[in-house]
Amino acid sequence: MGDLRAVANIENEAEQGLAIIARVTGLVPEDLDLLDLEDLQALQNCFPGQKA
C-alpha cells in the first residue's frame with residue numbers, strides 16, 4: 001500500500017505507472033527508459049490497471 005500512496009500525487013497516469021513499476025522492481029526511472037516496448041509491456045502486465 002505504501003507504494004501506491006507514494007505515487008498517488010503524480011497526476012500523469014503514464015508517469016504514475018512508471019513510478020509504481022520502478023518502486024516495486026527496485027529500478028530507477030532512468031532504467032525504465034532503457035527498456036524496449038515489449039519488456040515494458042511485460043512489466044505492465046504484472047500490474048493490472050497501471051499503464052506506462
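Since we're looking at a predicted model, the values are computed, not measured.
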**OP:** State, to 0.1 Å, how close Val7 and Ala19 come at their nearest heavy-atom pair, and which atoms those are.
**Re:** CG1-CB, 3.5 Å

**OP:** Verify side-chain contact (heavy atoms from CB on, under 4.5 Å) between Ile10 and Leu18, making sure each step is shown before the conclusion.
**Re:** CA-CA 10 Å; Ile10 301 172; Leu18 289 172; over 6 Å; no

Subject >> Heavy-atom donor-acceptor pair, Asp31 side chain to Leu27 backbone, under 3.5 Å >> reply: no

**OP:** Rounded to the nearest 0.5 Å, what's the gap from CD1 on Ile20 to CD on Gln44? Could you check?
**Re:** 13.0 Å

Original post:
Atom CD1 of Ile21 and atom CG of Leu40: how far apart are they, to the nearest 0.5 Å?
Top reply: 5.5 Å

